[in-house]
Participant: 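The structure under discussion is supplied below as structure tokens; questions concerning it will follow.
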Amino acid sequence: MGDVVGDSKVDFGALAVLHKWPSLANQRQPDREPYRLIEGTLDDCISAFMQKPATTRHLYEIRTVAQPPLVTEILSPEHVLELSRLREFL
């Protein structure tokens, strides 16, 4: 991602929604739909995600408008962690 980061701009003010998957024994229930927790900016949703315990972050995802090449429509927990680390550089 080194070259991509230097040339990319991410709009952290873009509208986004933090979703949580229903879970049982700390595992996602794939037969259920995730529900909305927070609607706000991408920055708001990343901050709220980072406040969740690390052991439960796999139950969350952020949905936003795609901003290629770094931001997809659905951000996995790993993707959110990476954006959080890169936030000050983008």
Participant: Nearest 0.5 angstrom please: L70 CG to L86 CG, how far?
Facilitator: 7.5 Å
Participant: Return the NZ to OG distance between K52 and S47, rounded to the nearest 0.5 Å.
Facilitator: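 These two atoms lie 11.5 Å from each other.
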Participant: Do M50 and L81 have side chains that approach each other closer than 4.5 Å (heavy atoms only, starting at C-beta)?
Facilitator: yes
Participant: Yes or no on side chain to side chain contact (heavy atoms under 4.5 Å, CB included) for V17 and I62, after CA distance, side-chain angles and deciding distance?
Facilitator: CA-CA 6 Å; V17 180; I62 295 175; over 6 Å; no
Participant: If we only count heavy atoms from C-beta on, is the Q67 to D11 side-chain gap below 4.5 Å?
Facilitator: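 Contact flag for Q67/D11 side chains = yes.
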Participant: Would a hydrophobic clustering, with Ile, Leu, Val, Met, Phe, Trp and Tyr connected at side-chain separations under 4.5 Å, put L37 with I74?
Facilitator: no
Participant: Out of curiosity, H19 NE2 to C45 SG, how far, rounded to the nearest 0.5 Å?
Facilitator: 9.5 Å
Participant: Ignoring hydrogens and angles, state whether a donor on the side chain of E61 or W21 is under 3.5 Å from an acceptor on the partner side chain.
Facilitator: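 W21 and E61 do have a side-chain donor-acceptor pair below 3.5 Å.
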Participant: To the nearest 0.5 Å, tell me how far H79 NE2 sits from S84 OG.
Facilitator: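 Going from the NE2 atom of H79 to the OG atom of S84 covers 12.0 Å.
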Participant: Flag yes if L59 and L24 sit in one hydrophobic cluster, no otherwise; membership is Ile, Leu, Val, Met, Phe, Trp, Tyr, and two members link when side-chain heavy atoms are under 4.5 Å apart.
Facilitator: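 No, no single cluster joins them.
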Participant: Would a 4.5 Å heavy-atom cut-off, applied to side chains only, mark E73 and R63 as touching?
Facilitator: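 They are not in contact (no side-chain heavy atoms under 4.5 Å apart), so the answer is no.
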Participant: Which pair of non-hydrogen atoms, one from P22 and one from P34, has the smallest distance, and what is that distance?
Facilitator: CD-CA, 4.0 Å
Participant: Within a strict 4.5 Å, meaning less than it, do heavy atoms of the L15 and L42 side chains meet?
Facilitator: no
Participant: Can you confirm whether L18 sits close enough to Y60 that some side-chain heavy atom of one is under 4.5 Å from a side-chain heavy atom of the other?
Facilitator: yes
Participant: In terms of side-chain heavy atoms, does N26 have a donor or acceptor partner in S23 at a distance below 3.5 Å?
Facilitator: no
Participant: Is there a continuous path of hydrophobic side-chain contacts, each under 4.5 Å between heavy atoms, that joins I38 to F49?
Facilitator: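 In one cluster with I38: F49, yes.
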Participant: Could you go through L83 and L75, starting from their C-alpha distance and side-chain angles, then the distance that decides it, and tell me whether this counts as side chain to side chain contact (heavy atoms under 4.5 Å, CB included)?
Facilitator: CA-CA 10 Å; L83 281 175; L75 302 173; 3.9 Å; yes
